[in-house]
Structures are given as C-alpha cells and as structure tokens.
Asks: 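First, the structure itself, so that you have it in front of you.
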Amino acid sequence: MSLQNVSQHRVFDGWHKQYMHRSEVLNCTMRFAIFLPPQASEKLKVPVLYWLSGLTCTDENFMQKAGVFRVAAELGIAIVAMDTSPRGEAVADDSGYDLGQGAGFYVNATQAPWDAHYKMDDYVTKELPALIQTHFPITDTAAIAGHSMGGHGALTLGLKNTEQYVSISAFSPISNPTQCPWGEKAFTAYFGQDMEKWKQHDASILLQTSAASTPILVDQGEADNFLVEQLKPHTLELAAQRYSGRFELRMHPGYDHSYYFISSFIDDHLRFHAEYLF
C-alpha cells in the first residue's frame, strides 16, 4: 500500500507528517497524519496513540489545536490522527453536518448507500494500523483516544478490541448514542432499524456487559452545550459501576466542548496512556 507524503514539519525534535493513500476498505483516497517523536528510529520502535476526532473534523484539527507534541515527544509516544469519514465525489453524503462525510461515527455501515464506503470500524482497527506498522517505526502496542464522536469511537472500538488497545481515553464522548439525536440519526442511516446493531456501538451498553478490564479515562466539561441532550456522561458513569477495570470520569466546571478544553488536559491523557504503553 503506497503512501504519498503531502507535508512534514519538524516539531519538538520529532516530525509531524501528513499522508494520502488509497483505502481498499473505504474505497476512496484517505488522509492521515502521524507524529513521530525523537525516540523513533530504525533501531527503536515506539508505541502509538490513535486519535479519533469529532463531527466535521479531519486529521488536522487535533494535530494543530491540541498542543500534544511536547509531552508526546518527552514520553516517546507516536500519535496517529485520521479523517472522520471516507471522502470524495462518489461517496454518499448528507446536507447535515452530523451525517455522511465528516460524520462516519467509526462504524461499518450496513445500509445503502452508506455501505459502499462507510467502513470506518475496519479502517481504524485493521487497515490503518497495518499500514502504520508497515511504513513507520511503530510497535504493536497501541492506545486509543478521541473527542465527541471520536470519544464514542474510542470507547466502543476500545471495548470491542481489548486485545488491540492497552488503554482508552475520551474527551466529551457521545456516551449513549442509542438515546441521543446525533446517534439516532446516524444509526438509522447506517444500520436501519437493526437495534441489536445499534447496541453494539453504544459505549454505555458495552461497558455494562464487557468482560474487559482496559483502563478508561473520560474528561467532560460542565459548560459543554451538548452535555445533556447529546453526550450523557452520567449514563456512562452509571454503566461503569459494573465494569471490572479502572474507570474515571472527571467533570470540569467552566469548560466547554472546544479544543480549549482538550488542550487543557491532553497532557494528563498522554501520561495516563504512558502508564500502559510502556
């Protein structure tokens, strides 16, 4: 699988690089970014944190706004950020920002026309990691994190692939998508009325029934305007009462849904993941 390097920048003695590639899983051209810390070399491979972004985002939002490089370079952790959906003229879309391009929800769609391209579950957990390990000095030790829709993706994919991720974290995740407008709209389009399929992508449901013990950290701003209707973090907290692993939900007064919030606590998340990546 060939890669086309479209940009690269030196940062904190490491490299931020952006690539294009043809995705066989998504049947379109995709873009991702990778930060390689200074420790990464042909002689030394480093562990990786996969970052999943929220609605309307691309690989650039997190890399440009989160302020992740300094501590990632200090700890020796690679970061991979990908796009949030398949893209292109032939890819199905919707007029709303919360469905279609920019809103893949990290699931494998089963309903037309979405099933022709929207296989983000397979892309995140299979195709992209294989590509990363083939082309970069990365170990097979990985963690997963995300924000909003990406927080939903990090929690659900992490809980469903416990052998693949040593730790999970999320900022402002869509915690109970089967019971909120964003999730109901997306799941109806991508899965139709197959409610069992819906449940397989709801973190609050998965957390109640999971036999996993993967450590989880969740941060949520109390001034988030999506808090009550869309995010429902306390549903996740209630479900975690049945979870055997480490689970921490931290509520932060005054913080909203933005990257101002993420940049304030991203260092905590990196150090949390470092406990398990090394």
Side-chain angles (χ1 to χ4, degrees), residues 1 3-4 6 18-34 50-66 79-132 144-158 160-161 170-174 177 180-192 197-198 200-203 226 230-231 257 259 262:
M1 193 182 301
L3 297 179
Q4 177 189 354
V6 295
Q18 198 176 44
Y19 290 90
M20 303 285 288
H21 75 100
R22 176 70 185 179
S23 168
E24 298 304 320
V25 166
L26 302 178
N27 192 27
C28 67
T29 298
M30 289 293 285
R31 190 179 71 194
F32 71 88
I34 184 169
Y50 287 93
W51 175 267
L52 310 184
S53 289
L55 291 166
T56 75
C57 291
T58 68
D59 63 287
E60 294 182 331
N61 298 72
F62 178 73
M63 291 300 205
Q64 293 180 4
K65 296 179 180 180
I79 310 288
V80 171
M82 67 217 66
D83 205 344
T84 51
S85 77
R87 305 272 183 173
E89 292 184 5
V91 177
D93 202 5
D94 184 83
S95 59
Y97 72 94
D98 51 358
L99 181 67
Q101 296 190 36
F105 271 81
Y106 304 102
V107 301
N108 290 341
T110 59
Q111 299 294 302
W114 312 102
D115 56 345
H117 295 92
Y118 285 77
K119 305 290 184 183
M120 288 298 291
D121 185 330
D122 285 348
Y123 180 71
V124 173
T125 62
K126 297 175 182 177
E127 186 178 40
L128 185 59
L131 184 153
I132 294 296
I144 192 166
H147 171 235
S148 194
M149 178 185 71
H152 141 77
L155 289 167
T156 56
L157 297 182
K160 292 194 301 176
N161 297 276
F171 288 88
S172 318
I174 303 172
C180 79
W182 279 340
E184 291 168 357
K185 179 178 179 178
F187 288 2
T188 298
Y190 297 147
F191 302 132
K197 182 68 70 174
W198 286 37
Q200 294 171 23
H201 299 278
D202 187 310
F226 301 115
Q230 302 284 12
L231 305 180
H257 200 71
Y259 269 86
I262 295 172

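Since we're looking at a predicted model, the values are computed, not measured.
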Asks: Could you pull out all residues at least two apart from Glu60 that satisfy salt bridge (Lys or Arg N to Asp or Glu O under 4.0 Å)?
Replies: Arg31

Asks: Who pairs with Ala145 by side-chain contact (heavy atoms from CB on, under 4.5 Å), at least two apart in sequence or on another chain?
Replies: Leu49, Trp51, Ser169, His273

Asks: Considering residues at least two apart in sequence or located in another chain, which fulfil the side-chain hydrogen bond (donor to acceptor under 3.5 Å, both in side chains) criterion with Tyr190?
Replies: none

Asks: Say whether, by atom type as modelled, one donor and one acceptor occur between the side chain of Lys119 and the main chain of Val107 under 3.5 angstrom.
Replies: no

Asks: Would you give me the side-chain donor-acceptor pairs under 3.5 Å for residues 79-88, sequence neighbours excluded?
Replies:
residue : atom : partner : partner atom : Å
Asp83   : OD1  : Arg87   : NE           : 3.4
Asp83   : OD1  : Arg87   : NH2          : 2.9
Asp83   : OD2  : Arg87   : NE           : 2.9
Thr84   : OG1  : Cys57   : O            : 2.7
Thr84   : OG1  : Gly102  : O            : 3.3
Ser85   : OG   : Gly102  : N            : 2.7
Arg87   : NH2  : Cys57   : O            : 3.2

Asks: List in chain and number order the residues that pass side-chain hydrogen bond (donor to acceptor under 3.5 Å, both in side chains) with Lys126, two or more places apart in sequence or in another chain; answer none if no residue qualifies.
Replies: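 Per chain and number, Lys126 pairs via side-chain hydrogen bond (donor to acceptor under 3.5 Å, both in side chains) with no residue.
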
Asks: Can you sort out the partners of Tyr123 under ring pair (Phe, Tyr, Trp, His ring centres under 6.0 Å), two or more places apart, ordered by chain and number?
Replies: His21

Asks: Could you give me the CA-CA distance, side-chain angles and deciding distance for Thr125 and Lys160, then say whether side chain to side chain contact (heavy atoms under 4.5 Å, CB included) is met?
Replies: CA-CA 10 Å; Thr125 62; Lys160 292 194 301 176; over 6 Å; no

Asks: Return the CG to SG distance between Leu231 and Cys180, rounded to the nearest 0.5 Å.
Replies: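 With rounding to 0.5 Å, CG (Leu231) is 7.5 Å from SG (Cys180).
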
Asks: Can you see which heavy atom on Leu99 is nearest to which on Ala189, and at what distance?
Replies: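 Heavy atoms of Leu99 and Ala189 come nearest at CD1-CB, 3.7 Å.
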
Asks: Grab the two heavy atoms, one from Ala33 and one from Asp59, that are nearest each other, plus how far apart they are.
Replies: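 Nearest heavy atoms, Ala33 then Asp59: CB-OD2, 3.5 Å.
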
Asks: For Pro113, does its backbone N or O pair with a side-chain atom of Tyr118 as donor and acceptor, under 3.5 Å?
Replies: no

Asks: What is the distance from atom CZ of Phe32 to atom CD1 of Ile132, rounded to the nearest 0.5 Å?
Replies: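 Result: 4.0 Å between the selected atoms.
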
Asks: Determine which pairs satisfy salt bridge (charged side-chain N to carboxylate O under 4.0 Å, His left out) with at least one residue from residues 108-117, sequence neighbours left out, and list them in order.
Replies: none

Asks: My understanding is that only residues two or more places apart in sequence, or in another chain, count here; which of them pass side-chain contact (heavy atoms from CB on, under 4.5 Å) with Thr29?
Replies: Met20, Arg22

Asks: Going through the distances and angles, do Lys65 and Ile262 end up as a side chain to side chain contact (heavy atoms under 4.5 Å, CB included)?
Replies: CA-CA 9 Å; Lys65 296 179 180 180; Ile262 295 172; over 6 Å; no

Asks: Which residues pass the side-chain contact (heavy atoms from CB on, under 4.5 Å) test with Pro181, not counting sequence neighbours?
Replies: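 Here the qualifying residues are Glu229, Gln230.
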
Asks: Gly192 and Trp198: which non-hydrogen atoms are nearest, and at how many Å?
Replies: O-NE1, 3.0 Å

Asks: Restricting to non-hydrogen atoms, name the atom on Ala103 and the atom on Tyr97 that form the minimum distance, rounded to 0.1 Å.
Replies: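 Between these two residues, the closest heavy atoms are CB-O, 3.8 Å.
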
Asks: Grab the two heavy atoms, one from Ala109 and one from Trp114, that are nearest each other, plus how far apart they are.
Replies: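 Of all heavy-atom pairs spanning Ala109 and Trp114, the closest is CB-CB, 3.7 Å.
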
Asks: Any side chain to side chain donor-acceptor pair (under 3.5 Å) pairs touching residues 144-155, not counting sequence neighbours?
Replies: Ser148-His257

Asks: Heavy atoms only: give me the nearest Gly158-Ile144 pair and the separation to one decimal.
Replies: CA-CG2, 4.2 Å

Asks: Apply side-chain hydrogen bond (donor to acceptor under 3.5 Å, both in side chains) to Asn108 and list each qualifying residue two or more places apart in sequence or on a separate chain.
Replies: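 Scan of Asn108 (side-chain hydrogen bond (donor to acceptor under 3.5 Å, both in side chains), adjacent residues dropped) gives Asp122.
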
Asks: What residues, two or more places apart in sequence or in another chain, satisfy side-chain hydrogen bond (donor to acceptor under 3.5 Å, both in side chains) together with Lys185?
Replies: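 Lys185: side-chain hydrogen bond (donor to acceptor under 3.5 Å, both in side chains) contacts with Asp98.
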
Asks: Which value, rounded to the nearest 0.5 Å, describes the distance between Leu157 atom CG and His201 atom NE2?
Replies: 8.0 Å

Asks: In sequence, state the C-alpha distance, the side-chain angles, and the governing distance for Tyr259 and Asn61, and then conclude on side chain to side chain contact (heavy atoms under 4.5 Å, CB included).
Replies: CA-CA 9 Å; Tyr259 269 86; Asn61 298 72; 3.9 Å; yes

Asks: In Å, rounded to the nearest 0.5 Å, how long is the span from OG of Ser53 to OH of Tyr106?
Replies: 5.5 Å

Asks: Could you tell me whether the side chain of Phe187 reaches within less than 4.5 Å of the side chain of Pro177, counting heavy atoms only?
Replies: yes

Asks: What's the separation between atom CG in Leu52 and atom OG1 in Thr156, rounded to the nearest 0.5 Å?
Replies: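 Here the interatomic distance stands at 8.5 Å.
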
Asks: Start with the C-alpha gap between Phe105 and Met120, add the side-chain angles, then the distance that decides, and say whether side chain to side chain contact (heavy atoms under 4.5 Å, CB included) holds.
Replies: CA-CA 7 Å; Phe105 271 81; Met120 288 298 291; over 6 Å; no

Asks: I need the Ile34 CD1 to Leu131 CG distance, nearest 0.5 Å.
Replies: 9.5 Å

